[in-house]
Protein chains: 2
Amino acid sequence: MESLPQDKYDVLKLENQLCFPLYACAKEVIRRYREPLDALGLTYTQYIVMMVFWEFGGMTEGELGEKVRLDSGTLAPLLKRLEKQGLVKRSRPEDNERKLFVCLTDEGKALKEKALTVPEAMRGCIDLPVEDLILLKMLLEKVLAQMD
Amino acid sequence: MESLPQDKYDVLKLENQLCFPLYACAKEVIRRYREPLDALGLTYTQYIVMMVFWEFGGMTEGELGEKVRLDSGTLAPLLKRLEKQGLVKRSRPEDNERKLFVCLTDEGKALKEKALTVPEAMRGCIDLPVEDLILLKMLLEKVLAQMD
DNA sequence: TACTAACTAATTGCGCGCAATAAAACAGTG
DNA sequence: CACTGTTTTATTGCGCGCAATTAGTTAGTA
């Protein structure tokens, strides 16, 4: 049972796009993070960077970039801001001064505790059955894996 | 069958986030649009704005903003750029000069034909079963609808 | 030692994305 | 008409996001 082709321009309709709801949904969810993150003084991007450090500890900018899918053009200034806030420390490894090693300060480590309020605040922000959310997450990861 | 709670910080792991794959996936897909859109001289955001005009014709900035979920801070300069490129015309309705009416120029209308190459180029960019993509789109729209 | 190539991060430039504020036009009321 | 509040868009300020370029470090090779 197929829908009949009506207009060759149908492919340009917003409602027929997959990317638009993807783009809009990501923006909307990230917007909701702002309020809980303001309490930590972090942007959403800074938050995911901090999550990586909380979970894995210090690493180079390049390694970080692979995990969060961001390049040096975004991360270099972002990491400087985090350092200015006293959350991370940037240094050059003696054995290879091209690399930039970044690790948490005590203050950065301590913020992990406060950060627990963020998932707490976001819980229930998306009022959908858990199965739907799990399925959505799986599909997104499938798409990402496929595009790598 | 539930997984046992292991660590109260598990909620801060990147792999347990729904938002991160959403954010990463949107960025990745939009990045893939760049090449086909470069041929039209449009960014992704400009492209979805043009799609709205192609489908619905001229409208005010406010109406446009509702459709594409963007505010004046983003749309005002974007529309000026589109006008500078000769794709749209901005004007003030005589009956209400607060509003900004935007409509396509002949050049803007003509670009619709060329824009058919974009969905064409993107087809197969996400190499997944169509059912998965449809399901993904439905879930995203469900989330969006729920957050309104 | 020189020379070259590869690697890693920083910088530049431009366009969002959005909260906050400002400015202009309109509508309603006394 | 003057005054007040609302509506609509524009502006400001800051932080991404990313392609392209630059710069510094390291490694490899003659």
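Chain letters run A, B, ... following the sequence lines, proteins first and then strands; every chain starts at 1.
- In this structure, A:Leu42 places its CG atom 18 Å from P of D:dC14, rounding to the nearest Å.
- Backbone-only engagement by B:Gly62 is indicated by non-hydrogen atom pairs under 4.0 Å involving sugar-phosphate atoms exclusively.
- With hydrogens and angles ignored, no donor-acceptor pair under 3.5 angstrom links the side chain of B:Arg98 to the base of D:dT9.
- Between A:Lys89 and A:Glu107 there is no salt bridge, since no side-chain nitrogen of the basic residue lies less than 4.0 Å from a carboxylate oxygen of the acidic one.
- Nucleic acid contact for B:Thr74: base, since at least one base atom lies under 4.0 Å from a heavy atom of the residue.
- Between A:Tyr47 and A:Tyr33, the two ring planes are tilted [angle within 30° to 60°].
- Rounded to an integer number of Å, the gap from CZ of B:Arg31 to C1' of D:dC16 is 13 Å.
- One finds a side-chain N or O of B:Arg92 lying less than 4.0 angstrom from the OP1 or OP2 phosphate oxygen of D:dA10.
- Listed nucleotides: D:dA19, D:dT9, C:dA19. Nearest to the side chain of A:Asp71: D:dA19.
- Across the protein-nucleic acid pair, B:Glu97 atom CD and D:dT9 atom P stand 13 Å apart, rounded to whole Å.
- Listed nucleotides C:dC16, D:dA10, D:dC16 differ in distance to B:Glu61; the shortest reach to its side chain belongs to D:dA10.
- Residue A:Leu70 is in sugar-phosphate contact alone, with no base atom involved, counting any heavy-atom pair closer than 4.0 Å across all strands shown.
- In this structure, B:Lys80 places its NZ atom 16 Å from C1' of C:dC14, rounding to the nearest Å.
- Comparing D:dG17, D:dA10, C:dA10 by their nearest atom to the side chain of A:Ser72 picks out C:dA10.
- For A:Thr43, no side-chain nitrogen or oxygen approaches OP1 or OP2 of D:dG15 to under 4.0 Å.
- Counting to the nearest Å, the C1' atom of D:dG17 and the CD atom of B:Gln46 are 15 Å from each other.
- The 5' end of DNA chain D is approached more closely, in terms of each residue's nearest nucleotide, by B:Ala76 than by the other of B:Ala76 and A:Thr45.
- Counting non-hydrogen atoms of other residues, nucleotides and ligands closer than 6.0 Å to CD of B:Glu15 gives a total above 12.
- Note on B:Phe101: nothing from the nucleic acid sits closer than 4.0 angstrom, heavy atoms only.
- A salt bridge links B:Glu28 and B:Arg32; the closest N-O separation between the charged side-chain nitrogens and carboxylate oxygens is under 4.0 Å.
- The residue A:Asn96 sits close only to the backbone: its heavy atoms come under 4.0 Å of sugar-phosphate atoms, none of a base.
- One atom, CD of A:Glu66, and another, C1' of D:dC18, lie 17 Å apart when rounded to the nearest Å.
- In this structure, A:Asp38 places its CG atom 13 Å from C1' of C:dA20, rounding to the nearest Å.
- Within the 4.0 Å cut-off from OP1 or OP2 of C:dC16, at least one side-chain nitrogen or oxygen of B:Arg81 is found.
- Within the structure, a side-chain polar atom (N or O) of A:Tyr23 is placed less than 4.0 Å from OP1 or OP2 of C:dG17.
- The side chain of A:Arg34 sits closest to C:dA19 out of D:dC18, D:dC16, C:dA19.
- Among the atoms of the strands shown, none is found under 4.0 Å from any heavy atom of A:Leu75.
- Taking atom OH on A:Tyr33 and atom P on D:dC16, their separation rounds to 16 Å, with Å as the unit.
- A:Leu78 comes within contact range of the sugar-phosphate backbone alone, with a heavy-atom separation under 4.0 Å but no base atom that close.
- An OP1 or OP2 oxygen of C:dT8 is reached within less than 4.0 angstrom by no side-chain nitrogen or oxygen of A:Arg90.
- Taking the charged nitrogens against the carboxylate oxygens, B:Glu83 and B:Lys80 have no contact shorter than 4.0 Å, which rules out a salt bridge.
- A salt bridge does not link B:Glu61 to B:Arg98: none of the charged nitrogens lies less than 4.0 Å from a carboxylate oxygen.
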